Amino acid sequence: MAHCVTLVQLSVSCDHLIDKDIGSKSDPLCVLLQDVGGGNWTELGRTERVRNCSSPEFSKTLQLEYHFETVQKLRFGIYDIDNKTPELGDDDFLGGAECSLGQIVSSRMLTLPLMLKPGKPAGRGTITVSAQELKDNRVVTMEVEARNLDKKDFLGKSDPFLEFFRQGDGKWHLAYRSEAEFECIHPEKQQKKKSYKNSGTICVKICQVETEHSFLDYVMGGCQINFTVGVDFTGSNGDPSSPDSLHYLSPTGVNEYLTALWSVGSVVQDYDSDKLFPAFGFGAQVPPDWQVSHEFALNFNPSNPFCAGIQGIVDAYRQALPQVRLYGPTNFAPIINHVARFAAQAANQRNASQYFVLLLLTDGAVTDVEATREAVVRASYLPMSVIIVGVGCADFEAMEQLDADGGPLHTRSGEAAARDIVQFVPYRRFQNAPREALAQTVLAEVPTQLVSYFRAQGWAPFKPPPPAAKGPAQAPQA
């Protein structure tokens, strides 16, 4: 399982802070906290204190790990520091703000109003946070050949290999470049034989230092992740009014479909600026003619199937449930092809500005297996990923085949997928796990899938990201 984990540093500045000191401006400091669950927050770091300033730009950055597949809730607190104690309880609170790390990196720079408490602004105070990835994304590519090497094997030629090392920090590290061409000298032979010249030559034919863009490079470069949802309304789900149905809404108004939707959607929504998400149903008879549809808008507006935020999808689902008749069969291809058409339009722009993620929530095995295989294979050539969550206890063997972890997916005619774009998980595996566990699993491969597509096309980030911040003694990767 791939995980997008990297270090990010946050730069913080504030404007129009309220003054708590008499006769002078406040001496602000910023504290960063992260939600660790259960209503608990842990401190990740603090900036320096800036004296007598109502619009500070803190020079000390705040560092933390970035995980794409989880919602990392952050809280920024600004305090007026008038003593030397590390505790903040005896310092004046100038305002705070909460957001997710995903919101910061997808915006590149995020400005929020400071609040003294919910519903009470801290005057005109604002906080601005910008993010940079801590990395060196230079990669060295070399093509090396050796000529006329000594024979070291008794009955055959040698099996040579080449290593470059560099010395630093008292240790030897694998290096990444050498002279364009040099002789291979054996010091003992050179001392014993006056006629000795060399034991062969090594030629570095190509040595290139290239930039290898990361997932955050593309996200911070303006790539929008467009999220689409497809919900299974086939008859095998059971009568929604029955407590045995997978579509039955509990007294709290939730079921497995909605739990899975919230888990995945709460992560992905941070990477879509307008927060408008198309949502569809499939496998139901829909009004007014009660024909079976495998691609109907949950809001029953085919010309505008967009829902405002994840809550908008939830509301549309709850309203659609009593208005349709659950039927069948379970066909995935229509919705996959629907999203693929938009992905193809984005690909025609020939830039890394858009990527598409389709979430399919289903209770059973796919019926249109061959059509779905063909749809997935075609989509593998587009900026698109497909996530399938199996709800209930059905046999999901066909879904595992679509996942193609054992090798490329093929159509009946033998056409192979360009890359693996499907991730399937059964919901029952996470029934007793924290809600974020499902998202961590199904979204783990999306960053790799996005980067692999754009790299294969040779597309750099849509807007070049700022120069990456480097840690101490970082060198390019070989």
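Quantities reported herein were computed from a predicted structural model and do not represent experimental measurements.
Side-chain contact check for Phe356 versus Gln354: some heavy-atom pair is nearer than 4.5 Å. A heavy-atom distance below 4.5 Å is found between the side chains of Arg378 and Asn337. Two residues are said to be in side-chain contact when any heavy atoms from C-beta on lie closer than 4.5 Å; Ile127 and Val12 meet this criterion. Taking the side chain as every heavy atom from C-beta outward, Ser26 and Leu17 never approach each other to under 4.5 Å. Side chains of Leu29 and Val50 form no contact here, defined as non-hydrogen atoms less than 4.5 Å apart. The shortest distance between side-chain heavy atoms of Arg75 and Lys73 does not fall below 4.5 Å. Counting only heavy atoms from C-beta outward, the side chains of Gln9 and Leu62 never approach each other to under 4.5 Å. Counting only heavy atoms from C-beta outward, the side chains of Val357 and Asn226 never approach each other to under 4.5 Å.
Between Trp459 and Tyr453, the ring-plane angle classifies as perpendicular under the 30° and 60° cut-offs. Aromatic ring pairs are classed by plane angle as parallel below 30°, tilted from 30° to 60° and perpendicular above 60°; the pair Phe296 and Phe300 is parallel. Using bins of under 30°, 30° to 60° and over 60° for the plane-to-plane angle, the ring pair Phe277/Phe227 lands in the perpendicular bin.
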Item to complete: Dump the intermediate steps for ring pair (Phe, Tyr, Trp, His ring centres under 6.0 Å) on Phe280 and His338, then the final yes or no.
Response: CA-CA 10 Å; Phe280 300 93; His338 176 96; 4.6 Å; yes
After noting the C-alpha distance and the side-chain angles of Asp217 and Glu133, does the key distance pass the side-chain contact (heavy atoms from CB on, under 4.5 Å) rule?
CA-CA 8 Å; Asp217 285 335; Glu133 189 175 4; 4.1 Å; yes
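Residues Pro461 and Ala352 come closest through the heavy atom pair CA-CB, 4.5 Å. The nearest pair of heavy atoms linking Phe58 to Cys14 is CE1-SG, 4.1 Å. Closest approach of Leu134 and Thr6 over heavy atoms only: O-OG1, 4.3 Å.
Proximity of a side-chain donor or acceptor of Asp363 to a complementary backbone N or O of Val391 within less than 3.5 Å is not detected. The closest donor-acceptor contact from the side chain of Thr70 to the backbone of Gln72 lies at 3.5 Å or more, if one exists at all. With hydrogens and angles ignored, the 3.5 Å screen pairs a side-chain donor or acceptor of Thr441 with a backbone N or O of Ala437. For the pair Lys60 (side chain) and Arg46 (backbone), a donor-acceptor distance under 3.5 Å is present. For the pair Asn299 (side chain) and Asn304 (backbone), a donor-acceptor distance under 3.5 Å is present. Panel note: side chain Arg419, backbone Ser380; a donor-acceptor pair is recorded below 3.5 Å. Of the possible polar contacts, none joining the Arg108 side chain to the Gln132 backbone as a donor-acceptor pair under 3.5 Å is found. Of the possible donor and acceptor atoms, one in the side chain of Arg455 sits under 3.5 Å from a partner among the backbone N and O of His213. The closest donor-acceptor contact from the side chain of Tyr248 to the backbone of Asn255 lies at 3.5 Å or more, if one exists at all. In this structure, Ser107 contributes its side chain and Leu110 its backbone to no donor-acceptor pair below 3.5 Å.
For the residue pair Asn237/Tyr257, the side-chain donor-acceptor check at 3.5 Å is satisfied. In this structure, a donor-acceptor pair under 3.5 Å is present between the side chains of Ser273 and Gln224. With no hydrogens or angles considered, no side-chain donor-acceptor pair links Ser11 and Thr61 at under 3.5 Å. There is no side-chain donor-acceptor pair under 3.5 Å between Ser263 and Glu436. Between the side chains of Gln431 and Glu256, at least one donor N or O sits under 3.5 Å from an acceptor N or O. Side chains of Asp315 and Gln311: a donor-acceptor N/O pair is present below 3.5 angstrom, by distance only. Side-chain contact check for Ser303 and Asn301: at least one donor-acceptor pair (N or O, by modelled atom type) lies under 3.5 Å. Under 3.5 Å, the side chains of Gln449 and Asp420 contain no donor-acceptor pair of N or O atoms. Side chains of Asp270 and Ser100: a donor-acceptor N/O pair is present below 3.5 angstrom, by distance only. Side-chain contact of Asp239 with Ser245: a donor-acceptor pair under 3.5 Å is absent, judged by distance alone.
Rounding to the nearest 0.5 Å places CD of Gln34 at 5.5 Å from CG of Leu74. Residue Ile18 holds its CD1 atom at 12.5 Å from CZ of Arg124, rounded to the nearest 0.5 Å. Asn331 CG to Asp368 CG: the interatomic distance, rounded to the nearest 0.5 Å, is 4.0 Å. Residue Leu321 holds its CG atom at 9.5 Å from CD of Gln323, rounded to the nearest 0.5 Å. Between His247 atom NE2 and Asp232 atom CG the span is 6.0 Å, to the nearest 0.5 Å. Rounded to the nearest 0.5 Å, atoms CG (Leu382) and CD1 (Ile421) are 8.0 Å apart.
A centroid separation of 6.0 Å or more is found between the aromatic rings of Phe233 and Phe282.
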